[in-house]
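A quick write-up on the structure given underneath.
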Amino acid sequence: MGFRGRSSIHFREKKAHEESGTVFTGYREWWDQAAESWDRAKDTTYVVNDEADYRSRGLHGDANSPGARQLVEFGGLGSQSSVLEIGCGAARIGREMAAMVGEWHGADISPKMLEHARQWTEGVSNVFFHVLSGSALSMFEEASFDFVYANTVFMHLDKEDLYQYLLESHRVLKPGGRAYFDTWNLLHPDTYRLWLESQAGNRGTGKVRGRIQFSTAPELKRYLEEAGFDVIRFDEDKLLQAFCEKSTVRPWANEDGWPPFGYVDGPRNESTVTGDFEVTGWALDRVVRIEVLADGSTSLGEAALGLPRPDVGPKFPRYPEADRCGYRLHVSTGVLAAGKHTLQVIATDSAGRSTDLAGYHLGIVVAG
Ligand SMILES: C[S@@+](CC[C@H](N)C(=O)[O-])C[C@H]1O[C@@H](n2cnc3c(N)ncnc32)[C@H](O)[C@@H]1O
């Protein structure tokens, strides 16, 4: 198990330093193979000449990543600081950083990588290793670290896993703690060509697990904001590099600038209604009013809001009202002539922004 020494970080389960839950074998198998020998493990970051070169890259950084020095400086770290690296590999950065901080924790999906890391840091007393299982840091308590970083890792992850690591990083950081993340920029001409080239080997079932992946700058910034980070510096070259701080207030705690969103559960498109019917669904993001229109102009009335929706709540944890975001309007068919009609379900938020929850088209047929 990847742990040694005594750490001041509090673990959820004191003895279990390996994350529980489903093991995402794809990542682990691929990276264990990539780390099959020490030379191969070193080369996963950059083709390395020798150990002096590897140490230099760990300390000073290189064309693809910052090193320990830059990260320590950005994080304002010192001998009392606790640091976590996600996807630490063979502890290229960790070995150098350990000398400048209180505790350095390296977490990785690949036990094989961590074996190399342990050997590379032999004799360094303040390094600790943890085997991950996919995209959670569930062995760490909230607010455990002063600094969290993932260097040359996110470009090997599916977006969902990248985003989960951002949420988890936010959780395990202390208030005001800092973080660094990077990935390849889809829209830089050079990396865009790399992406085009990578098509050949990565289609359908032939996809390589550890392939390089890409994001755009607005996309990464949006994930960071959503996860609760303030971006202090954002470098946008071939590499997207985000230097961040844990926000004290989530931006969307007040106003996110976006219109409401939601769903119409009923009536179903092109269904036939006989007698009275109900327009039902859910809507989120400070909705103050939902009006149902027929054929673009005839108001059928305003829906009752705030109805319980226990099925929706857990899917949208950032919206405190998500458990009670249901709406319902009872419509008497007497107000509509027999035949085809379209419905619009207009949700309006407290800032006056509105959206049609029915989208492009919701048709019903009123039975004669
Ligand atoms: C290119 S290496 C970078 C290593 C190290 N960060 C460095 O800069 O030297 C990518 C690392 O990410 C790890 N990794 C890949 N997928 C992962 C995942 N889902 N969760 C955690 N680590 C992962 C790999 O095992 C590998 O050690």
Side-chain angles (χ1 to χ4, degrees), residues 2 17-19 21-48 51 53-72 83-98 104-121 127 129-140 147-169 172 179-184 207-214 239 241:
H17 300 296
E18 185 157 350
E19 195 180 317
T22 317
V23 173
F24 205 154
T25 49
Y27 286 122
R28 178 169 295 171
E29 279 162 11
W30 199 90
W31 285 98
D32 267 352
Q33 272 182 21
E36 142 190 283
S37 68
W38 170 230
D39 281 341
R40 284 197 61 195
K42 284 203 287 14
D43 285 352
T44 56
T45 316
Y46 208 101
V47 176
V48 173
E51 291 191 349
D53 181 29
Y54 194 60
R55 282 206 71 172
S56 165
R57 291 176 191 282
L59 181 60
H60 303 294
D62 56 32
N64 283 356
S65 65
R69 255 179 2 124
Q70 292 97 334
L71 295 172
V72 163
V83 178
L84 172 66
E85 178 171 353
I86 301 168
C88 66
R92 177 179 67 111
I93 298 167
R95 170 167 160 169
E96 312 309 319
M97 196 184 270
W104 179 86
H105 292 252
D108 203 285
I109 198 84
S110 160
K112 195 91 193 144
M113 275 287 183
L114 292 179
E115 273 173 35
H116 295 302
R118 253 178 245 118
Q119 279 167 20
W120 185 237
T121 56
V127 298
F129 294 106
H130 311 272
V131 183
L132 297 173
S133 294
S135 56
L137 304 171
S138 53
M139 68 276 278
F140 300 115
F147 190 68
V148 174
Y149 66 102
N151 197 323
T152 334
V153 175
F154 282 1
M155 60 278 279
H156 298 292
L157 303 186
D158 294 342
K159 289 183 196 303
E160 295 81 357
D161 299 316
L162 179 165
Y163 181 62
Q164 287 305 313
Y165 273 139
L166 290 183
L167 292 175
E168 282 288 87
S169 299
V172 301
Y180 168 84
F181 307 106
D182 57 32
T183 190
W184 290 119
K207 279 194 184 68
V208 175
R209 176 65 280 176
R211 71 193 181 280
I212 48 170
Q213 304 204 47
F214 305 81
L239 204 61
Q241 297 184 290

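Counting starts at 1 for both ligands and their atoms, in listed order. Residue numbers run from 1 in the order of the sequence given. Every value quoted in this text rests on a predicted model; they were computed, and no experiment measured them.
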Under 4.5 Å between any side-chain heavy atoms of Val72 and Met97, yes or no? yes

If you define the side chain from C-beta out and look only at heavy atoms, does anything of Val127 sit under 4.5 Å from Arg95? no

Distances only, to 0.1 Å: what are the N or O pairs between ligand 1 and the protein that fall under 3.5 Å?
residue: ligand 1; atom: 6 (N); partner: Glu85; partner atom: OE2; Å: 2.7
residue: ligand 1; atom: 6 (N); partner: Gly87; partner atom: O; Å: 2.7
residue: ligand 1; atom: 6 (N); partner: Asn151; partner atom: O; Å: 2.8
residue: ligand 1; atom: 8 (O); partner: Arg92; partner atom: NH2; Å: 2.9
residue: ligand 1; atom: 8 (O); partner: Asn151; partner atom: O; Å: 3.3
residue: ligand 1; atom: 9 (O); partner: Thr45; partner atom: OG1; Å: 3.4
residue: ligand 1; atom: 9 (O); partner: Arg92; partner atom: NE; Å: 2.8
residue: ligand 1; atom: 19 (N); partner: Gly134; partner atom: O; Å: 3.1
residue: ligand 1; atom: 20 (N); partner: Tyr165; partner atom: OH; Å: 2.6
residue: ligand 1; atom: 22 (N); partner: Ile109; partner atom: N; Å: 3.4
residue: ligand 1; atom: 25 (O); partner: Asp108; partner atom: OD1; Å: 2.6
residue: ligand 1; atom: 27 (O); partner: Gly89; partner atom: N; Å: 3.4
residue: ligand 1; atom: 27 (O); partner: Asp108; partner atom: OD2; Å: 2.7

Is the centre of the Phe147 ring less than 6.0 Å from the centre of the Tyr149 ring?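 They qualify: ring centres under 6.0 Å apart.
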
Output all residues satisfying ring-ring contact (aromatic ring centres under 6.0 Å, His included) with Phe181, sequence neighbours left out; order by chain, then residue number. Phe154, Phe229

Which residues pass the ring-ring contact (aromatic ring centres under 6.0 Å, His included) test with Trp31, not counting sequence neighbours? His156

Could I get the full list of salt bridge (charged side-chain N to carboxylate O under 4.0 Å, His left out) partners for Arg69, not counting sequence neighbours?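 Result, salt bridge (charged side-chain N to carboxylate O under 4.0 Å, His left out) vs Arg69: none returned.
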
